[in-house]
Amino acid sequence: MTLQATHLTVPTGAVAPTRPRSRRARRRRWLGLLYLSPALLLYAAIVLAPLAQTMNFSLYKWDGVSEPSWVGLHNYLNFGRDPRMLEAFGHVLVLIVMFGLVPLCLGLICASLLSRAKIRGEGIYRWFLFLPQVLTSVVVAIIWKRIYAPDGPLNTFLRSIGLDGMTRNWLGDFDWALPSLGMIGVWGGFGFTMVLFLAGVLAIPDEHYEAARLDGASRWQEFRYITLPGLRGQMAIALTLTITGALRTFDMVYITTQGGPGTATTTPALLLYQLAFVNPDVGVASATGVVLAFLCLGIAVGITRVMESKD
Amino acid sequence: MISRYERVSNYVIVIALTLGVLFPVAWFFLTSLSPNTSGALDVSHLSWGNFAAAWRDGNLAHSMLASLVITVSAVTGQTLLAILSGYAFGVLGVVGERFLFPLILLGMMVSTEVIVIPLYYEFEKIGLTNSWLGLIIIQLGMGVPFGAYWMRATFRALPRTIIDSAEIDGAGEWSTLWRVLLPMARPAVLTLVLLSFMWTWNDFFLSLIFLGDPEKQTATVALGAFQGRHILQVNLMAAGSLIVSLPVVALYMIFQREFISGVMAGAVKE
């Protein structure tokens, strides 16, 4: 991810600080350390030390109050036998598809449809499409909780077109609660991928499309050989962001369903919260955190690798 | 050249999609103006008093103040730390840079969940839970990786000759940073400030964990509690939600370009 980041924003040709081995340069590098030190100390205390401690906690059984007891890798090994955990990670798989893959495909379709012509009023539609990204997650959750409510707009609409049989308490239904939550992600992620991909399409040189058209390329060929390869970087960003977002889903579930009905919409982050602060089993909560962190890291690295090697 | 048909169909697609994204928000906005507690829309009787009622019933004055204090302090501190560390990495060079910079970048991939448990127990020990200061410190520490990365890239993109000529003029490092480089880096700093503001204001997870006391709650957590209690007053709940999201949405209205480009470039933060 850092790799991507670097060639995203650091303009090439920027001159790196040269470092002659002079006394002056050495003095500057110590001065640099001094300038960095406040940030570095805070970072070490707030991020690095707790990170190490979480790994340590994950090797103990601890209720948050009494003396912790060492259990080695037991908390990790137990994941495979813990139905709550398996279920929560299973839910996250569904969310990954709906948060990540659906917006990706929709965004690609739109970008390809719109790749041939510049649309006027770009600023306006971009503003609206991007709005879900800046809205507080809590507010997004409340908006959709309302839409899915038994007397909410969705059911009202279904009734008005005579589909009374389809109406239900969407978030209270064992089968429908999870896909309903997934739809919120589709709604939020779709505008993001579309804005991202449209910006990417504009960056593809027009000559490529013109040449393709002169050669009599079909729309599909144009998409397959020009648009798709041109958007590889944007696709990597979109997938990394939406998939890790799905993996870490918390706010939305906490506000809308609290994991219910029953355990139909639990997520690992929700279990982590409950195990850390509600009914403390701190060791298992920490192990969940470590697993989540490694999954996020692995996904980010994996997606970057795949996208960079595909050529 | 594209056909007229294609041009029209493009507009139809864009408008339909935009409306699709907009619909839930627009519906919610009208709900917040409904005189009816069930949230039934009634556009002929817009009840603007709902906002005042939600402000009162949701104890929003208190929690909005909490959010404001925490966000402004965290953003100010994060920006200062980012400028200093970006200058160190991007211009001065740092002893042990080859080790320290990757170590700090690692933080961009560390999600909140994996550090929050020990942080909570440590902060509880030293009395920094249920404290605005405690949450501000956490936000400061967590903001370091992105800030350092962002400002380093910014300073490195500035022409090296400017730094050299400031040096020749006899400007010290400190005044080179503040008088020469920072004015040139203003757009990047603005984007950083906006993103930090949005991330801090919109935070729910950390506030929920660290500020359990209703007297200390931020607006997002207070809103979460409010919607749990006021399940039967849909219009007030919607009004309260809009109040809480207003600061960020207002900034987004003014600085659309910075938000979008910043989120795109900063997509790596999580």
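Reckoned from all heavy atoms, side chains included, excluding hydrogens, waters and symmetry mates. Order of the sequence lines sets the chain letters (A, B, ...), proteins ahead of strands, with each chain counted from 1.
Both the backbone and the side chain of B:Leu103 come within less than 4.5 Å of a heavy atom in chain A. Neither the backbone nor the side chain of B:Gln78 comes within less than 4.5 Å of any heavy atom of chain A. Of the two parts of A:Asp251, the backbone and the side chain both hold a non-hydrogen atom closer than 4.5 Å to a non-hydrogen atom of chain B. For chain A, the nearby parts of B:Val95 are the backbone and the side chain; heavy atoms of each come within less than 4.5 Å. Contact of A:Pro153 with chain B is made through backbone and side chain together, with heavy-atom distances under 4.5 Å. Only the side chain of B:Tyr121 comes within less than 4.5 Å of a heavy atom in chain A; its backbone stays farther off. The parts of A:Phe130 that come within reach of chain B are both its backbone and its side chain, each placing non-hydrogen atoms under 4.5 angstrom from that chain. Contacts between A:Met55 and chain B at a heavy-atom distance below 4.5 Å are absent for every atom of the residue. Of the atoms belonging to B:Thr154, not a single heavy atom falls under 4.5 Å from chain A. When heavy atoms are compared at a cutoff of 4.5 Å, B:Ile137 approaches chain A by way of both its backbone and its side chain.
In terms of heavy-atom pairs under 4.5 angstrom with chain A, the leader among B:Ile138, B:Leu140, B:Ile209 is B:Ile209. Comparing A:Asn56, A:Leu48, A:Ile142 by how many heavy-atom pairs each has under 4.5 Å with chain B, the most go to A:Ile142. Contact tally against chain B (heavy-atom pairs below 4.5 Å) for A:Leu34, A:Thr136, A:Leu106, A:Ile255: the top residue is A:Thr136. When each of B:Ile13, B:Leu84, B:Thr31, B:Val244 is checked for heavy-atom pairs under 4.5 Å with chain A, B:Leu84 comes out on top.
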B:Tyr120 and A:Phe277: ring-ring contact (aromatic ring centres under 6.0 Å, His included), yes or no, with the steps? CA-CA 9 Å; B:Tyr120 178 80; A:Phe277 306 110; 5.0 Å; yes

CA sep, side-chain torsions, deciding dist, call: B:Ile104, A:Leu40, side chain to side chain contact (heavy atoms under 4.5 Å, CB included): CA-CA 8 Å; B:Ile104 284 186; A:Leu40 190 61; 3.9 Å; yes

Run the side chain to side chain contact (heavy atoms under 4.5 Å, CB included) test on A:Trp144 and B:Phe28 for me, step by step, so that the C-alpha distance in whole Å, both residues' side-chain angles and the decisive distance to 0.1 Å come before the verdict. CA-CA 9 Å; A:Trp144 282 88; B:Phe28 204 61; over 6 Å; no

Side chain to side chain contact (heavy atoms under 4.5 Å, CB included) assessment of B:Phe259 paired with A:Gln133: CA-CA 10 Å; B:Phe259 266 97; A:Gln133 297 300 315; over 6 Å; no

Determine, stepwise, if the pair B:Ile117 / A:Leu272 fulfils side chain to side chain contact (heavy atoms under 4.5 Å, CB included). CA-CA 9 Å; B:Ile117 301 166; A:Leu272 180 145; 4.2 Å; yes

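Within the structure, the salt bridge (Lys or Arg N to Asp or Glu O under 4.0 Å) test picks out no pair touching residues 36-49 of chain A (sequence neighbours left out).
Annotation: side chain of B:Leu92 is not in contact with side chain of A:Arg29 (no heavy-atom distance under 4.5 Å). Between A:Lys145 and B:Met237, the closest side-chain pair of non-hydrogen atoms is not below 4.5 Å. A 4.5 Å side-chain heavy-atom check between B:Trp27 and A:Ile143 finds every atom pair outside the cut-off. The shortest side-chain heavy-atom distance between B:Leu208 and A:Phe250 falls under the 4.5 Å cut-off. Using a 4.5 Å heavy-atom cutoff, the side chains of B:Leu100 and A:Leu36 are in contact.
Here the options are A:Tyr125, A:Trp187, A:Phe128, the test is side chain to side chain contact (heavy atoms under 4.5 Å, CB included), and the partner is B:Val21; only A:Trp187 passes.
Shortest non-hydrogen contact noted between B:Gly224 and A:Val138 is N-CG1, 4.3 Å. In this structure, B:Ser245 and A:Leu135 approach most closely via the heavy-atom pair CB-CD2, 3.9 Å. In terms of heavy atoms, B:Leu223 sits closest to A:Val139 at CD2-CG2, 3.7 Å. Taking each heavy atom of A:Pro38 and B:Leu81 in turn, the nearest pair found is CB-CD2, 3.8 Å. Counting all heavy atoms, side chain and backbone alike, B:Pro118 lies closest to A:Pro50 at CG-O, 3.3 Å. Here the shortest heavy-atom pairing between A:Leu129 and B:Leu17 reads CD2-O, 4.2 Å.
Taken from OH in B:Tyr87 to CG in A:Leu31, the straight-line distance is 7.5 Å, to the nearest 0.5 Å. Interatomic distance, CD of B:Gln256 versus CZ of A:Arg126, reported as 5.0 Å (0.5 Å rounding). Rounding to the nearest 0.5 Å gives a distance of 12.0 Å between CG of A:Leu271 and CD of B:Glu113. B:Thr18 contributes atom OG1, which lies 10.0 Å from atom CD1 of A:Ile124 (distance to the nearest 0.5 angstrom). Atom CZ of A:Arg146 is separated from atom OG of B:Ser241 by 11.5 Å, given to the nearest 0.5 angstrom. The CD1 atom of B:Ile115 sits 12.5 Å away from atom OG of A:Ser286, with the distance rounded to the nearest 0.5 Å.
Formation of a donor-acceptor pair under 3.5 Å by the B:Asn202 side chain with backbone atoms of A:Ser137 is not found in this model. In this structure, the side chain of A:Tyr43 engages the main chain of B:Gly107 through a donor-acceptor pair within 3.5 Å. Formation of a donor-acceptor pair under 3.5 Å by the A:Thr54 side chain with backbone atoms of B:Val114 is found in this model. Proximity of a side-chain donor or acceptor of A:Arg28 to a complementary backbone N or O of B:Val91 within less than 3.5 Å is detected. Side-chain atoms of B:Tyr252 come within 3.5 Å of backbone N or O of A:Trp127 as a donor-acceptor pair.
A centroid separation of 6.0 Å or more is found between the aromatic rings of A:Tyr254 and B:Phe205.
Atom CG of B:Leu80 sits in a crowded spot, with more than 12 heavy atoms from other residues, nucleotides or ligands closer than 6.0 Å.
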